[in-house]
Number of protein chains: 2
Amino acid sequence: MAAVDRSLVANLAMFAGLSPAEQDELLREARSVRYPKGTAVFNQGTEAERFFVLLHGHLRVEKTTPQGQQMVVRYVSAGELFGVAQAMNLKSYPATAVAAVDSIALSWPSSSWHRLIVTFPTLAVSALQTVGSRLQDTQARVIEISNEQVEQRVAHALLRLAKQAGRKVDAGVEIDFPISRQDVAEMTGTTLHTVSRILSAWEQQGLVEGGRQRIVLRDPHKLHILAEGNEADQVRGSAP
Amino acid sequence: MAAVDRSLVANLAMFAGLSPAEQDELLREARSVRYPKGTAVFNQGTEAERFFVLLHGHLRVEKTTPQGQQMVVRYVSAGELFGVAQAMNLKSYPATAVAAVDSIALSWPSSSWHRLIVTFPTLAVSALQTVGSRLQDTQARVIEISNEQVEQRVAHALLRLAKQAGRKVDAGVEIDFPISRQDVAEMTGTTLHTVSRILSAWEQQGLVEGGRQRIVLRDPHKLHILAEGNEADQVRGSAP
DNA sequence: GCTGCAATTTGCGCTCCGACAAAGAGCCCT
DNA sequence: AGGGCTCTTTGTCGGAGCGCAAATTGCAGC
């Protein structure tokens with residue numbers, strides 16, 4: 001566990017608006033941890049002892065139902081607050097957070113939460129914005145799953161990922177961490193086979209390319225049209 | 001607009017932990033409004049000028065997609081904070097809130113939010129718990145819609161409503177506001193026809209009863225078994 | 001009481017996609 | 001290089017439930 005340098009966090013939303021002295025004070029109780037790819041930051045159902053900010057990398061947040069089904073709830077990117085379960089009055093984490101790539105996070109004891117938000121109201125503001133934003137995203141998922149066909153949902157999911165974690169490459173925009181067909185399926189409420197079929201078809205049409213745990217969006221514009229529906233049939237109509 | 005009496009709010013979560021003097025101060029800027037059944041408290045897309053606490057009644061929160069589809073996001077019951085869009089950094093309300101029955105709410109200018117949470121950190125705490133709780137509920141909806149068949153989803157929805165707004169009657173637990181098959185459909189991502197079919201079958205089996213915009217849960221226990229799945233076939237097997 | 005409208009019920013055909021199965025491909029370790 | 005394991009692809013079949021249509025019912029207003 002290393003002392004945390006203020007320059008690492010100065011441009012994070014959570015620290016915005018704090019003076020250097022305030023930032024140092026907030027960092028005094030912070031602990032920095034590395035999470036190798038594939039390791040869990042916390043597990044669903046375990047006591048919510050700490051809350052976190054991701055400094056580097058990407059996390060996959062997944063939830064397992066009592067019946068054993070698994071869903072990818074979201075991906076967390078660098079700069080984001082996460083694991084604020086106790087702030088939401090939960091005793092335990094409602095999901096598992098796994099490092100999709102090697103990652104680094106800062107964490108604080110949840111027991112400090114209430115004292116910290118009194119001292120730093122901007123922390124509460126930041127948390128509310130983060131949780132609120134996640135609520136809107138999740139509501140949008142409900143609407144997609146209720147109203148859209150799988151192809152549209154997959155298109156939406158890929159576009160979100162490209163926006164959140166896209167890296168420009170020659171062929172287009174690559175999702176900058178390993179992502180399997182099963183992962184996409186768990187984000188969109190479908191099966192890996194259906195995702196595989198869709199991606200295969202899109203590959204033939206030049207919309208995407210990739211391979212094992214890799215997806216490149218070659219034509220984000222056409223995917224966007226697909227995602228919005230209506231004109232989907234037109235795009236399909238132009239395929240052989 | 002009437003002056004707001006402190007005794008009306010003393011037992012609300014948002015006011016818990018505040019001294020009588022603090023409660024009075026918080027109420028100084030509050031405005032109390034009646035909403036007749038069917039009227040909108042606020043509309044999706046309009047500027048989020050105020051935030052609210054529901055004192056009496058029930059609200060239906062609904063969202064309309066760009067394509068014109070409508071979904072019931074949730075019902076709000078007395079005592080709940082709602083409309084905290086600006087606190088979540090949204091300029092406009094993300095949904096429409098309609099009075100399902102005659103209702104009364106308190107509201108504050110959104111512009112006061114930041115000042116109020118500095119003065120009353122418990123307000124931020126309360127908001128975060130509310131928004132966090134709604135995030136967990138919404139995530140549960142995503143999981144239901146992804147993994148469950150319609151019958152299970154409808155059972156879950158009715159049980160939630162009975163828990164939130166159930167009133168004991170001779171025949172069981174009545175949902176204490178008008179609720180149409182279309183409303184249930186919009187809560188569960190299906191069509192009114194499918195809901196009607198399910199409820200008709202359940203009526204024959206004595207699980208529910210009701211009529212136009214009215215639902216009584218006659219056997220919540222059996223609905224609970226249905227909602228959890230697995231043993232659903234057993235319950236069906238015992239029907240004629 | 002009558003009428004009109006909206007909510008509800010019921011029938012039916014069709015499609016999307018889940019689920020089962022099998023084959024192929026890529027990657028890592030020995 | 002070979003083997004094992006996991007990820008991906010592809011074929012096929014069946015069913016849940018959507019969507020269209022029509023009939024029935026309940027409620028409010030005149």
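- A straight line from CZ of A:Arg214 to P of D:dT8 spans 13 Å, rounded to a whole angstrom.
- Contact record, B:Ser107 with B:Arg50: OG-NE, 2.7 Å, taken as the closest heavy-atom pair.
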*B:Arg141 and B:Arg160: CA distance, side-chain angles, deciding distance, side-chain contact (heavy atoms from CB on, under 4.5 Å) verdict*: CA-CA 11 Å; B:Arg141 294 298 82 64; B:Arg160 281 196 307 271; 2.7 Å; yes
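- Here the side chain of B:Arg74 pairs no donor or acceptor atom with the backbone of B:Arg134 at under 3.5 angstrom.
- Nucleotide C:dT8 holds its P atom 9 Å from the CD atom of B:Gln182, rounded to whole Å.
- The end-to-end axis angle of the helix from C:dG1-D:dC30 to C:dT30-D:dA1, rounded to 10 degrees and based on five pairs per end, is 50°.
- Note: A:Phe52 and A:Tyr35 have perpendicular aromatic rings, judged against thresholds of 30 and 60 degrees for the angle between ring planes.
- To the nearest angstrom, C1' of C:dC17 lies 15 Å from CD1 of A:Ile145.
- Remark: A:Ser196 is not in phosphate contact with D:dT8, judged by side-chain N or O atoms under 4.0 Å from OP1 or OP2.
- Within the 4.0 angstrom heavy-atom criterion, only backbone atoms of the sugar-phosphate kind lie near B:Arg181; the bases stay farther away.
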Checking side-chain contact (heavy atoms from CB on, under 4.5 Å) for the pair A:Ile175/A:Tyr75: CA distance, chi angles, key distance, verdict? CA-CA 12 Å; A:Ile175 297 170; A:Tyr75 283 87; over 6 Å; no
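- The distance between atom CD of B:Gln152 and atom C1' of D:dG17, rounded to the nearest whole Å, is 14 Å.
- Residue B:Gln213 has its side chain nearest to C:dT8 when only D:dG17, C:dT8, C:dC16 are considered.
- Spacing between atom NE2 of A:His193 and atom P of C:dA22 amounts to 13 Å, rounded to whole angstrom units.
- Among the heavy atoms of the strands lying under 4.0 Å from A:Leu192 is at least one base atom, whether or not backbone atoms are also near.
- Taking only side-chain nitrogens and oxygens, B:Thr190 comes nearer than 4.0 Å to OP1 or OP2 of D:dC18.
- Here the P atom of nucleotide C:dT9 and the CH2 atom of B:Trp202 are 13 Å apart, to the nearest Å.
- Judged by closest nucleotide on DNA chain C, B:Gln204 is the one of B:Gln204 and A:Gly189 placed further toward the 5' end.
- One atom, CZ of B:Arg212, and another, P of D:dG26, lie 8 Å apart when rounded to the nearest Å.
- Rounded to a whole Å, the CZ atom of B:Arg197 is 11 Å from the C1' atom of C:dT8.
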Full working for side chain to side chain donor-acceptor pair (under 3.5 Å) between A:Gln70 and A:Thr64: CA-CA 4 Å; A:Gln70 190 148 312; A:Thr64 304; 3.3 Å; yes
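- The phosphate of D:dC18 (OP1 or OP2) has a side-chain N or O of B:Thr191 nearer than 4.0 angstrom.
- Heavy-atom contacts from other residues, nucleotides or ligands closer than 6.0 Å to CZ of A:Arg214 number more than 12.
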